Amino acid sequence: MKLSNSRLFEQGAAIFRKDFLIGLRRRASFAAMAMFALTSLAALSLATRGEILEPKILAALLWVVIFFAASAGISGTFDDEETAGTLSTLKLYAAPQAVLFGKMFFTFASLAALIIFLLPIFLVLFDCGVEEIFLLVTTIFFGAVGISSAGTLTAALTTSATVKGGLFPILLFPVTLPIFLPAIRLTEFAFAGGECGAEFLILMAIYDAILITAASILYDYLD
């Protein structure tokens, strides 16, 4: 029987709240992302030896760090249920759409917290200024939405995989590549200033909508 929108929202919110409370207690997922990000930033900072890099290079470095740091945490989105053997019970309690979007919102919240933690450190270490703060925030928002939606579905697909650590980023990267290319371009404009075509933001927004719709449809067919 098809559930009402209010019931789906209640179930999704309950799943988000469960993951959030577990995340506060364990902090394993966020710690993995934060440690990877800090290690990557430290290594990149030492490698560049304080040199002033071009905005294009800085934008690419930022999104590379965000992608791999996110991969370190998002891959375990369904691990608690799989380890405890409660994933089937969760699917009986809630509709597939509620499970997907509850997990997706939690992933987005975790990724947003990571970026808020990561971005000031990045700007300080690489002596990078921001000319267009609103453009940078908007770009990061659309990028985080895309990574969260694609990452949640990929995590569901690889839940039972024995080589998840290597398989997850391999599957995630081609799906999120259309997000990263305009995101790098927009971030470059945000760092350097100047005119930026709105078509890049529109492209990211459209692709985010496609990812969310595709994830919603495909998750119904996962066992």
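From a predicted model like this one, the values you see are computed outputs, not experimental measurements.
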Identified side-chain contact (heavy atoms from CB on, under 4.5 Å) counterpart of L61 within the set T187, L44, L41: L44

Any side-chain heavy-atom pair of [X] and [Y] under 4.5 Å:
X    : Y    : value
L125 : T48  : no
L111 : F106 : no
W63  : I140 : yes
F200 : L181 : no

side-chain hydrogen bond (donor to acceptor under 3.5 Å, both in side chains) pairs, two or more places apart, involving residues 209-218: Q97-S216

Pairs satisfying side-chain hydrogen bond (donor to acceptor under 3.5 Å, both in side chains), at least one member in residues 113-137, at least two apart: none

Check against side chain to side chain contact (heavy atoms under 4.5 Å, CB included), F122 and I66: CA-CA 11 Å; F122 178 88; I66 290 174; over 6 Å; no

Nearest 0.5 Å, please: how far is [atom2] in [Y] from [atom1] in [X]?
X    : Y    : atom1 : atom2 : result
L218 : T154 : CG    : OG1   : 10.0 Å
I184 : L58  : CD1   : CG    : 12.0 Å
I147 : F67  : CD1   : CZ    : 7.5 Å
F189 : T139 : CZ    : OG1   : 10.5 Å
S148 : L153 : OG    : CG    : 12.5 Å
L119 : C128 : CG    : SG    : 8.5 Å

Test log, rule side chain to side chain contact (heavy atoms under 4.5 Å, CB included), inputs L211 and V145: CA-CA 9 Å; L211 284 176; V145 170; over 6 Å; no

Report yes or no: do [X] and [Y] belong to one cluster of Ile/Leu/Val/Met/Phe/Trp/Tyr joined by side chain heavy-atom distances under 4.5 Å?
X    : Y    : result
I133 : L62  : yes
F117 : M35  : no
L114 : L136 : yes
V64  : I121 : yes
F180 : L203 : no

Those residues that, when tested against E188, pass salt bridge (Lys or Arg N to Asp or Glu O under 4.0 Å) (two or more places apart): R185

Which heavy atom of [X] sits nearest a heavy atom of [Y], and at what distance?
X    : Y    : result
A144 : I115 : CB-CD1, 4.4 Å
T176 : A150 : CG2-CB, 3.8 Å
A37  : L118 : CB-CD1, 3.9 Å
K103 : I15  : N-CG2, 4.2 Å
P178 : P182 : O-CD, 3.0 Å

Any residue meeting ring-ring contact (aromatic ring centres under 6.0 Å, His included) with Y207, in chain and number order, not counting sequence neighbours: none

Non-neighbouring partners of F68 that pass ring-ring contact (aromatic ring centres under 6.0 Å, His included), sequence neighbours left out: none

T152 (side chain) donor-acceptor with S149 (main chain) under 3.5 angstrom: no

Worked check of side chain to side chain contact (heavy atoms under 4.5 Å, CB included) between L186 and M204: CA-CA 10 Å; L186 289 166; M204 291 184 70; 3.5 Å; yes

Residue pairs passing the ring pair (Phe, Tyr, Trp, His ring centres under 6.0 Å) test where at least one lies in residues 132-155, sequence neighbours excluded: F108-F141

